[in-house]
2 protein chains.
Amino acid sequence: MLTSARSSQFESRRANGVALGEARFDQRLAKILDHATEVFCEKGYEGASMRDIARSTGMSLAGMYHYFGTKERLLYLIQKLSFGKILDRLAQRITQAGGPEQRIRAFIANHLEYFLEHQHAMKVLSHEDDVLTAGYGRKVAELKRDYYRICCNLVEDYKKEENLDFDSRTAVLALFGMMNWIYTWYNPRLDGDAGRLAREMGNIFFGGIANCTRANGRRRRTNLRPHRMSSPARRRPGDALSFL
Amino acid sequence: MLTSARSSQFESRRANGVALGEARFDQRLAKILDHATEVFCEKGYEGASMRDIARSTGMSLAGMYHYFGTKERLLYLIQKLSFGKILDRLAQRITQAGGPEQRIRAFIANHLEYFLEHQHAMKVLSHEDDVLTAGYGRKVAELKRDYYRICCNLVEDYKKEENLDFDSRTAVLALFGMMNWIYTWYNPRLDGDAGRLAREMGNIFFGGIANCTRANGRRRRTNLRPHRMSSPARRRPGDALSFL
DNA sequence: TGTACGTTCGAACGTTCGTTCGATTTTTAT
DNA sequence: ATAAAAATCGAACGAACGTTCGAACGTACA
């Protein structure tokens with residue numbers, strides 16, 4: 001069972017093998033991964049058959065299996081590779097950003113850029129979140145937790161610097177929701193590019209957490225409640241210190 | 001083909017039939033829908049087999065088919081019923097809310113309450129969004145578009161009243177992202193109840209769009225570098241009480 | 001040229017899938 | 001009580017599933 005499928009670049013490196021054969025193997029595997037990503041994206045993991053993928057790649061069914069072994073491992077390789085690339089790009093990008101706010105904005109921009117550049121892969125990553133079992137599932141879950149932690153730490157830094165007080169968990173998860181849900185609605189004609197969306201979502205995020213000072217708790221925004229006749233100060237139930 | 005599966009309450013009403021038989025039919029169908037919802041939630045639509053659902057209901061495979069006809073129609077009935085209930089509850093709730101902001105907050109609260117009360121159904125609704133084909137898919141898509149439009153209109157009202165200027169589409173879709181992504185992370189122990197999440201997400205949403213005045217465009221938030229430690233930290237219970 | 005190995009594929013394996021059929025049992029109406 | 005209708009189920013259908021096998025092919029190095 002599974003006589004081949006070495007998948008050198010992703011799992012283990014052959015003892016002292018000639019790099020030429022390896023490169024070719026990796027290249028072909030990458031091509032299969034691309035086609036499989038598209039098929040998984042369109043039909044879902046369970047809904048896609050290995051024959052669909054074989055047809056898409058132009059290879060034979062059995063020929064493909066030489067490269068990855070099982071369907072589940074195929075999905076694992078796609079998810080691991082995609083997430084790896086995101087994390088790599090993030091590492092580059094985040095170091096060259098200025099303060100805490102800029103680092104969070106860099107995180108958002110990186111996420112959305114990669115998301116829109118690799119929509120198929122990211123839909124597979126988001127949508128087929130819980131199909132991997134046992135070892136594979138655990139490895140991908142670790143990557144995701146790391147990614148979440150990075151964002152949480154950035155937010156914690158920002159909180160300290162700005163002296164804000166809010167629940168990081170809810171804020172970060174809300175941010176991830178905004179960003180990841182995009183695959184259900186993005187339309188380049190209506191929604192612009194990743195930069196614009198990153199700016200908008202960043203604005204919502206920073207605006208949303210801006211009014212929670214450490215000492216005061218959340219406050220009503222102070223600005224321009226238009227001229228409307230002075231109704232009695234509307235306090236929001238449960239919210240401290242809401243005025244005008 | 002499909003000799004039975006009348007599904008009276010959902011599709012059409014029998015000519016003058018005695019309501020007794022109908023009630024029983026609907027009741028049994030509802031029970032099947034419940035079990036199917038749970039199985040679809042756990043294994044996904046394509047990953048779940050009709051035999052899984054039969055086992056869950058305790059009925060025989062063929063006996064079940066009497067009630068819904070096909071697997072696809074089973075999913076359709078689940079989605080239509082769930083969405084119908086959300087819309088009904090929303091209609092009640094939204095009328096008894098005060099101004100535009102309160103109506104949007106009511107929308108958010110209604111969504112999250114229903115979401116957390118019926119997590120399985122809502123995951124199926126969110127996750128199996130594009131598996132229905134042709135007629136079924138169109139009908140559910142219409143419901144979703146209506147729902148989206150309602151929210152958009154509420155936001156437009158709010159924009160006018162507050163004299164704000166921002167892109168409703170992006171804001172509303174970001175809001176839906178925050179709310180719908182919840183099924184991937186919600187943990188009642190860490191995240192509190194629907195009311196708290198609705199308050200938090202509402203705050204993020206309103207804070208996020210608050211600084212866009214019609215005349216000025218977005219501007220950097222002007223406010224309040226906090227007067228720190230003017231008073232001992234006053235934290236509302238349930239608000240900002242979990243870390244990372 | 002020989003040989004060892006990586007690669008490819010047609011064909012098939014056993015299993016599970018959604019669905020249907022015919023018969024039987026249960027409920028309803030007369 | 002009896003006929004009609006609804007509900008239920010065991011068994012099976014053909015199709016599609018993921019995977020494997022063994023033979024053929026290509027290529028690299030002795």
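FYI, side chains are in, hydrogens and waters are out, and symmetry mates aren't considered; it's all heavy atoms of this structure. Chain naming here is simple, since letters A, B, ... match the order of the sequence lines and numbering starts at 1 in each.
- Side-chain rings of A/Tyr158 and A/Phe206 approach one another, their centers coming within less than 6.0 Å.
- Ion pairing between a basic and an acidic side chain is recognised when a charged N comes within 4.0 Å of a carboxylate O; B/Asp130 and A/Lys43 show no such pairing.
- Candidate nucleotides C/dT19, C/dA12, C/dT8 were compared by shortest atom distance to the side chain of B/Thr70, and C/dT19 ranks first.
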Give every donor-acceptor pair under 3.5 Å between a side-chain atom in residues 34-41 of chain A and any protein atom, sequence neighbours left out.
residue	atom	partner	partner atom	Å
A/His35	ND1	A/Lys31	O	3.1
A/His35	NE2	A/Ser56	O	3.3
A/Thr37	OG1	A/Leu33	O	2.6

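- The backbone N or O of B/Ala23 sits nowhere less than 3.5 Å from a side-chain atom of B/Asp26 that would complete a donor-acceptor pair.
- Taking atom CZ of A/Arg24 as the reference point, atom P of D/dG26 lies 12 Å away to the nearest angstrom.
- Minimum atom distance to the side chain of B/Ser49 is reached by C/dG18, of the listed C/dT8, D/dT8, C/dG18.
- Checking C/dT7, C/dG18, D/dA7 against the side-chain heavy atoms of A/His66 singles out C/dT7 as nearest.
- Under the rule for a side-chain hydrogen bond (donor to acceptor under 3.5 Å, both in side chains), B/Arg51 has no partner lying at least two apart in sequence or in another chain.
- Contacts of B/Ala54 with the nucleic acid, taken as non-hydrogen atoms under 4.0 Å apart, are absent.
- Applying the 4.0 Å criterion to OP1 and OP2 of D/dT8, one finds that B/Tyr67 has a side-chain N or O inside that range.
- The side chain of B/Phe25 lies closest to D/dA7 when the candidates are D/dT19, D/dA7, C/dG18.
- When the P atom of C/dT19 is taken as reference, atom OH of B/Tyr65 falls 4 Å away, rounded to whole Å.
- For A/Lys71 and C/dT15, the NZ to P distance is 19 Å, given to the nearest whole Å.
- Atom-to-atom, CZ of B/Phe68 to P of D/dT8 comes out at 12 Å; the value is rounded to the nearest Å.
- The side chain of B/Met59 lies closest to D/dT8, out of D/dT8, D/dA7, C/dG6.
- Between the P atom of C/dG18 and the CE atom of B/Met64 lies a distance of 9 Å, rounded to the nearest Å.
- Spacing between atom CD1 of B/Ile32 and atom P of D/dA7 amounts to 11 Å, rounded to whole angstrom units.
- The distance from atom CG of B/Leu61 to atom C1' of C/dT16 is 12 Å, rounded to the nearest whole Å.
- We find that NZ of A/Lys43 is positioned 12 Å from C1' of D/dA16, with the value rounded to whole Å.
- As judged by a 4.0 angstrom heavy-atom cut-off over every strand, A/Arg51 is placed among the base-contacting residues.
- Checking C/dA12, C/dC9, D/dC9 against every side-chain atom of A/Ala62, the shortest atom distance belongs to C/dC9.
- Listed nucleotides: D/dA12, D/dT20, D/dT8. Nearest to the side chain of B/Arg28: D/dT8.
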